[in-house]
A.B. asks: 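Let me give you the structure first, and then I'll get to my questions.
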Amino acid sequence: MSSTSSAGRGRPARLDRARTVDTALDLLDSLGLDDLTMRRLADSLGVQAGALYRHFATKQDLLTAMAERMLADIPAPREGGDWDERLAGLARAMRTALLAHRDGARVFAGTHSTGAHTLRFSDTVTGVLREGGFNDEDAGRALMAVVNYTLGHTLEEQAALRPGDDDMADPERLRRAVESGPFPHLAAALPTLTSTDFTAHFEFGLRLLLQGLRVLGASGARRRAGGGGAGSA
C-alpha cells in the first residue's frame with residue numbers, strides 16, 4: 001500500500017537535495033550559468049519544475065547550495081608549518097574548487113552560504129590566521145581579503161576564458177588598442193597584460209597579499225610586546 005501510494009504521488013517523490021545539487025552542477029558544466037534554468041534542471045531530473053521548489057524556494061537558493069557543494073572537497077591544511085604557507089594553500093585550493101566548474105566563480109559570488117562546508121573552510125582560514133598571531137578583528141578582515149581576492153581573480157579568469165562569449169577578453173584586441181595610441185607604459189607591459197598564464201597572475205597577487213599580512217602580523221606582535229594590547233579600537 002505504501003509503495004503504491006508513493007508511485008501515485010508521481011516522480012517528485014524521488015527528489016532529494018543532494019542529487020538535485022549534483023545534477024545542477026553537471027548542467028552548469030555542460031551549459032554554463034546563463035543557460036542553467038530551473039526548468040532544464042527539472043527536465044534532467046525527470047520531474048515537474050514545481051517539484052524543485054520543495055527544496056529550493058528560489059534559483060538563488062539553488063545557487064547558494066551549489067556554491068556550498070563546491071567547497072566540500074577542499075582538504076584541511078597540514079598541521080605545522082608557517083601560517084602564510086598554509087594560508088596560501090587554502091587560497092589555491094579555493095581557486096581550484098571554483099575552476100573545477102564552468103562559471104564556478106559566478107555561481108559562488110554573492111551567495112554568502114552558511115552551510116557546513118563554507119563555514120568549515122572559513123573557520124580553517126581564520127584559525128590559521130589566529131594561530132599566526134592575528135587578533136580576532138584582523139583575522140576576520142584577512143579572511144574576507146583572501147576570499148574576496150581569490151573569488152575576484154577567478155571570476156575574471158573564467159570570464160576571460162568563457163567559450164563563445166563575444167565579450168571575453170581578447171589579448172589581440174588589447175594589443176592593437178595599446179599599440180595604436182600613446183600608451184608607452186602599457187606597451188612595455190603588454191607581454192604580461194596579454195598573458196593567459198592565470199596561475200602566474202594569481203600567484204603574484206597572492207604574494208602581495210601575504211606580504212601585506214606579514215607586515216600587519218609583525219606590527220601586531222610589536223604592539224603586543226610593547227603592552228599595546230591585542231585589540232584595536
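Atom set for the values below is all heavy atoms of this structure, side chains included, hydrogens, waters and symmetry mates excluded.
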A.B. asks: Closer than 3.5 angstrom, by distance alone: can the side chain of Asp82 be matched with the main-chain N or O of Asp84 as a donor-acceptor pair?
C.D. replies: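 A pair under 3.5 Å: no.
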A.B. asks: Between atom CG of Asp29 and atom CZ of Arg102, what is the distance when rounded to the nearest 0.5 Å?
C.D. replies: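 Rounded to the nearest 0.5 Å, the CG-CZ separation comes out at 8.5 Å.
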A.B. asks: How long is the straight-line distance from CG of Asp22 back to CG of Leu45, given to the nearest 0.5 Å?
C.D. replies: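 Spacing of CG (Leu45) from CG (Asp22) equals 10.0 Å.
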A.B. asks: Can you list the steps and then say if Leu99 with Phe198 is a side-chain contact (heavy atoms from CB on, under 4.5 Å)?
C.D. replies: CA-CA 11 Å; Leu99 288 175; Phe198 291 101; over 6 Å; no
A.B. asks: Please determine if Arg92 forms a cation-pi arrangement with Phe202, meaning its NZ or CZ atom is less than 6.0 Å from the six-membered ring centre and no more than 45° off the ring axis.
C.D. replies: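 Geometry flag: not set, cation outside 6.0 Å or 45°.
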A.B. asks: Per the salt bridge (Lys or Arg N to Asp or Glu O under 4.0 Å) rule, what does the pair list look like for residues 37-47, sequence neighbours excluded?
C.D. replies: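 For residues 37-47, and leaving out neighbouring residues, the salt bridge (Lys or Arg N to Asp or Glu O under 4.0 Å) pairs sorted by first residue read Asp35-Arg40.
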A.B. asks: To check you understand the geometry: which heavy-atom pair defines the closest contact between Glu68 and His117, and what is its length?
C.D. replies: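 Heavy atoms of Glu68 and His117 come nearest at OE2-N, 2.6 Å.
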A.B. asks: Linking Ile, Leu, Val, Met, Phe, Trp and Tyr by side-chain heavy atoms under 4.5 Å, what else ends up with Leu155?
C.D. replies: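 Result for Leu155 is none, singleton.
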A.B. asks: Would you say the side-chain atoms of Gln158 pair up with the backbone N or O of Ala105, donor to acceptor, closer than 3.5 Å?
C.D. replies: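 Yes; at least one donor-acceptor contact below 3.5 Å.
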A.B. asks: With Arg176, which residues qualify under side-chain hydrogen bond (donor to acceptor under 3.5 Å, both in side chains), at least two apart?
C.D. replies: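 Arg176 satisfies side-chain hydrogen bond (donor to acceptor under 3.5 Å, both in side chains) with no other residue.
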A.B. asks: State plainly whether one hydrophobic cluster holds both Leu143 and Leu119, where clusters connect Ile, Leu, Val, Met, Phe, Trp and Tyr through side-chain heavy atoms under 4.5 angstrom apart.
C.D. replies: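 Cluster IDs for Leu143 and Leu119 differ.
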A.B. asks: Suppose we screen for side-chain hydrogen bond (donor to acceptor under 3.5 Å, both in side chains). Which residues come up paired with Arg120, at least two apart in sequence or across chains?
C.D. replies: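 Checked Arg120 against side-chain hydrogen bond (donor to acceptor under 3.5 Å, both in side chains); zero matches.
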A.B. asks: Who passes side chain to side chain contact (heavy atoms under 4.5 Å, CB included) against Asp103, sequence neighbours left out?
C.D. replies: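 Result, side chain to side chain contact (heavy atoms under 4.5 Å, CB included) vs Asp103: Leu28, Leu33, Arg106, Arg162.
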A.B. asks: What's the spacing between Thr196 OG1 and Leu161 CG if we round to 0.5 Å?
C.D. replies: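 Thr196 atom OG1 to Leu161 atom CG measures 7.0 Å (nearest 0.5 Å).
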A.B. asks: Take Val146 and Leu90, measure what side-chain contact (heavy atoms from CB on, under 4.5 Å) needs, and give me the verdict at the end.
C.D. replies: CA-CA 9 Å; Val146 170; Leu90 287 163; over 6 Å; no
A.B. asks: Quick check for you: to the nearest 0.5 Å, what is the distance between Asp16 atom CG and Arg54 atom CZ?
C.D. replies: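 Asp16 atom CG to Arg54 atom CZ measures 12.5 Å (nearest 0.5 Å).
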A.B. asks: Treat each ILVMFWY residue as a node, draw an edge where side-chain heavy atoms are under 4.5 Å apart, and state whether Met144 and Ile74 are in one component.
C.D. replies: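 Hydrophobic grouping puts Met144 apart from Ile74.
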A.B. asks: Of all the heavy-atom pairs spanning Leu209 and Tyr149, show the shortest one and how long it is.
C.D. replies: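 Answer, listing the atom of Leu209 first, then Tyr149: CD2-CB, 4.2 Å.
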A.B. asks: Is it the case that the side chain of Ser180 and the backbone of Ala177 share a donor-acceptor pair, with hydrogens and angles ignored and the cut-off at 3.5 Å?
C.D. replies: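 Yes; at least one donor-acceptor contact below 3.5 Å.
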A.B. asks: Checking Phe121 now: which residues fulfil ring pair (Phe, Tyr, Trp, His ring centres under 6.0 Å) with it, not counting sequence neighbours?
C.D. replies: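 Residues passing ring pair (Phe, Tyr, Trp, His ring centres under 6.0 Å) with Phe121: none at all.
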A.B. asks: Report the distance from atom CZ of Phe204 to atom CG of Asp197, rounding to the nearest 0.5 Å.
C.D. replies: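 Result: 13.5 Å between the selected atoms.
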A.B. asks: Closest heavy-atom contact between Ala67 and Thr111?
C.D. replies: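 Heavy atoms only, the tightest pair is CB-OG1, 3.6 Å.
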A.B. asks: Is a side-chain N or O of Thr150 found less than 3.5 angstrom from the main chain of Val147, in a donor-acceptor match?
C.D. replies: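 No, the answer is negative, given that no donor and acceptor are paired below the 3.5 Å cut-off.
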A.B. asks: Please evaluate residues Val107 and Leu63 with respect to the criterion side-chain contact (heavy atoms from CB on, under 4.5 Å), reporting the C-alpha separation (whole Å), side-chain torsions for both, the decisive distance (0.1 Å), and the verdict.
C.D. replies: CA-CA 6 Å; Val107 170; Leu63 296 179; 4.2 Å; yes
